[in-house]
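Here is the structure we will look at, set down as structure tokens.
Counting starts at 1 for both ligands and their atoms, following the listed order. What you see is a predicted model; the values in this text were computed from it and never measured.
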Amino acid sequence: MPFVPPSWCPPLPQVPDSISIESFMWDENYGRHPLGYSQDPFTDGLTGRTYNAFDLKDRIDHLARGLCKEFDWTPESSEWEKVIAVFSLNTVDYVPLTWAIHRIGGIATCANAAYNAQELEYQLKDSGAKAVFTCLALLETTLEAAKKCNIPKERVYILPMAPNATQKSDGYDHKTLEDIVTAGSKLPKIQPSDRSWKVGDGARRCAYLCYSSGTSGLPKGVMISHKNVIANTLQIFTHESPTRDDYAKRNMLQSYTETALGLLPMSHIYGLIVGSHVGAFRGDGVIVLPKYDFKVLLQTIQDYKINMLFLVPPMIIHMTKSKETVKQYDLSSVRACFTGAAPLGKETADDLLSMFPDWAVRQGYGLTETCTVVCSTVPEDIWFGSSGSLIPGMKVRLVTVEGNEITGYNQPGELWVQSPSVVLGYLHNDKANKETFVDEADGRYMRTGDEAIIAKSPQGHEHIIITDRIKELIKVKGHQVAPAELEAHLLTHPGVNDCVVIGVPSDREGEVPKAFVVKAPGSIEESDALLKRSIAKHVEQHKTDYKRLRGGIEFIDVVPKSPSGKILRRLMRDKEREKMRK
Ligand code: 4UV
């Protein structure tokens, strides 16, 4: 018997499947007409640069026309011919750019702004991106990666981070997003691509290609359809409705908006959907910050009177460990602090609440493969340590390793998810698709690779509590680290004969990678300490900062493997946990 959302949850409205995300946002049948915005959808928290909803809609329209001309594309051609990478810090133009790409029927592949050139190159090649939009701070990295993927420098465009930031650093006169908008404003109107869509096209067409390593292996392109995004936006919105009757009466759209924090990376599903799409759909003003700077964050909350924070656990830990600094700012506008992407410890939640007794400290759980939220706590039903109740339209099962269905409370099993937000699958990876997306008698499920229990909250509702991670993924400050990627890289070091990488707990970062290495015979380093330093450096030189082996390096004699050669990571992890307990 699958578990379903609590009865107080309004049913999920019909999810439209023949319109694009951008149309959905402005369509009065679902979203809101620009007139319905009392706040500007996106505002730059550093410079104040903003567009009201009318101007933003025009801007997207002009940008879409400009893109068609720039690439000589038609809205009707296949989306796979129109993949554009966005590799940028957060800006007010980030999400509008992706909507313009959707308007011309293309795909936006969002790359983590923390990537180095090699990591970006992997995504550009894998996704088949034809162009990259970046910001000046990341231009050098972009050019290095683009060159290796035969993307000419003419196809590298600059997103302005400040009103007049148009200077170029590499001597080449890159076009800016502004240049394309201006050119597009002089071009004849184009039909949005979804005008020619048939029923179901929105469920079939890919809109975003985000990268996730899933349950195992290297990062893979996750094909997220227009319908997936629209579904999860409606699911979250419905679940969030402060008064359930209001939603049914559609009073919500007029009555309930927030000033929300847009700090989480828009390249990641949490910042992209929960932080940006849901906010824009609800009519929130999203205050965009390019990157995490603790004092800038506090100042921005104070200046813009932000009332909804979207954070990840390490940021909350930073707050609770910096009480004196926090006290210097007026954060009285905040009503709710939402966290997800990694578990928030009960002690940290308690600590935060002791600093801010009025805040609703909420937790959500989601995945790239479910186009974000599966469940979350709502202000009326908060239970620390829990990830809350299922959102409408979501159905889950708990399945034991032996394949038995769990039907009772407080018994752990792997969480399987069924929802209109479960993505199309991984790009050209049949093996991972077969392992992750399973067809059952009652429909298609996604196997999350997370272990969970269902428990009754003090308010008497069924909650999901994530109890462990079965899959190999490591989460560092909410970022994904694929052990397989680090292991493959470590094997290119001459001193490494074999290795296994696991995540170990870290106070500040949640988890950090630790490597167990089998030394190569006759390695040239004179001592173990020198070899360790050399291996750590090998990672630092070729991988982005959060992938460093902060959990350390330990030498072992042999990597435990199954008869079929599969690394037994769980065995290593259990041994490590045992060691830590002692
Ligand atoms: O694919 P991904 O990087 O995706 C995310 C998404 C997190 C979100 C999104 C919207 C929310 O509202 C929200 O609260 C959280 O992180 O990584 C997916 C894996 O991250 C772990 C879990 O192992 C997933 O399979 N994870 C995500 N949220 C939690 C979590 C959580 N609350 N507690 C424990 N693990």
Side-chain angles (χ1 to χ4, degrees), residues 110 112 114 208-216 219-222 224 228-229 232-233 235-237 239-240 260-261 264-279 308-316 336-346 348-349 361-378 382-391 394 396 414-417 419 421-423 426 436 446-453 463-483 503 505 510-511 546:
C110 304
N112 188 336
Y208 286 111
L209 193 61
C210 292
Y211 276 67
S212 162
S213 63
T215 50
S216 66
K220 295 173 267 295
V222 179
I224 302 172
N228 292 149
V229 175
N232 208 243
T233 303
Q235 287 173 299
I236 298 167
F237 182 65
H239 192 241
E240 297 273 303
L261 177 69
L264 296 176
M266 290 172 178
S267 56
H268 184 254
I269 201 75
Y270 181 16
L272 185 68
I273 306 300
V274 185
S276 304
H277 283 72
V278 177
M308 182 79 187
L309 303 182
F310 292 105
L311 301 174
V312 288
M315 296 174 181
I316 296 185
C337 174
F338 195 92
T339 167
L344 178 73
K346 189 178 166 322
T348 308
V361 180
R362 302 176 51 193
Q363 173 159 229
Y365 159 82
L367 304 91
T368 309
E369 289 84 348
T370 56
C371 188
T372 183
V373 182
V374 170
C375 51
S376 84
T377 51
V378 291
I382 287 177
W383 188 23
F384 290 164
S386 151
S387 289
S389 47
L390 291 170
I391 60 177
M394 189 69 63
V396 301
E414 187 190 358
L415 185 70
W416 293 23
V417 175
S419 163
S421 61
V422 168
V423 299
Y426 297 114
T436 312
M446 189 250 155
R447 298 182 58 167
T448 64
D450 291 310
E451 184 194 84
I453 58 167
H463 275 219
I464 308 276
I465 299 180
I466 304 297
T467 46
D468 204 353
R469 196 177 295 135
I470 307 162
K471 60 189 169 191
E472 40 183 71
L473 173 69
I474 304 170
K475 270 302 186 78
V476 184
K477 292 196 229 162
H479 293 290
Q480 288 202 1
V481 178
E511 274 185 306
Y546 65 82

Between the candidates [options], which shows the shortest non-hydrogen contact distance to [atom]?
atom                    : options                : result
atom 5 (C) of ligand 1  : G340, G366, G510       : G366
atom 15 (C) of ligand 1 : G478, A341, C375       : A341
atom 29 (C) of ligand 1 : G275, C210, G388, A342 : A342

Considering all heavy atoms of both residues, which atom of [X] and which atom of [Y] are nearest to each other, and what is their separation?
X    : Y    : answer
C210 : T368 : CB-CG2, 3.8 Å
K477 : P314 : CA-CG, 3.5 Å
V417 : V422 : O-CG2, 3.7 Å
M308 : R362 : CE-NH1, 3.9 Å
N228 : V423 : OD1-CA, 3.3 Å

TODO: Check each heavy atom of V274 against ligand 1 and say whether those closer than 4.0 Å belong to the side chain, the backbone, both or neither.
DONE: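 For V274, the contact with ligand 1 is made by the side chain alone.
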[atom] [closest protein heavy-atom partner, distance rounded to 0.1 Å]:
atom                    : value
atom 32 (N) of ligand 1 : G364 O, 2.7 Å
atom 35 (N) of ligand 1 : P343 CD, 3.8 Å
atom 22 (C) of ligand 1 : D450 OD2, 3.2 Å
atom 17 (O) of ligand 1 : K475 NZ, 2.9 Å

Numbered atoms and elements of ligand 1 in range of [X], under 4.0 angstrom, heavy atoms:
X    : answer
T368 : 1 (O), 2 (P), 3 (O), 4 (O)
Q480 : 1 (O), 2 (P), 3 (O), 17 (O)
S387 : 32 (N)
V373 : 10 (C), 11 (C), 12 (O)
T372 : 9 (C), 10 (C), 11 (C)
T339 : 14 (O)

Yes or no: does [X] have any heavy atom under 4.0 Å from an atom of ligand 1?
X    : value
F338 : yes
G449 : no
S376 : no
H268 : yes
I273 : no

For the side chain of [X] and the backbone of [Y], is there at least one donor-acceptor N/O pair under 3.5 Å apart?
X    : Y    : answer
K220 : S213 : yes
E451 : I470 : no
N112 : S267 : no

Open item on the list: Polar contacts were defined as any N/O atom of the residue lying under 3.5 Å from an N/O atom of the ligand; does this apply to Y270 and ligand 1?
Closed with: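 Y270 vs ligand 1: no N/O contact under 3.5 Å.
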Task: Results of side-chain contact (heavy atoms from CB on, under 4.5 Å) for K471 - residues two or more places apart only - done: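 Residues passing side-chain contact (heavy atoms from CB on, under 4.5 Å) with K471: T215, L367, D450, R469, L473.
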Open item on the list: Is the ring pair F310/Y270 parallel, tilted or perpendicular, if the boundaries are 30 and 60 degrees?
Closed with: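 Correct class here is perpendicular.
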- [ ] Output the distance between atom CD1 (I464) and atom CD (Q363), rounded to the nearest 0.5 Å.
- [x]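 Here the interatomic distance stands at 12.0 Å.
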Side chains of residues 382-389: which donor-acceptor partners sit under 3.5 Å, not counting sequence neighbours?
{"from": "S386", "atom 1": "OG", "to": "G388", "atom 2": "N", "distance (Å)": "2.8"}
{"from": "S386", "atom 1": "OG", "to": "H463", "atom 2": "ND1", "distance (Å)": "2.6"}
{"from": "S389", "atom 1": "OG", "to": "H239", "atom 2": "NE2", "distance (Å)": "3.1"}

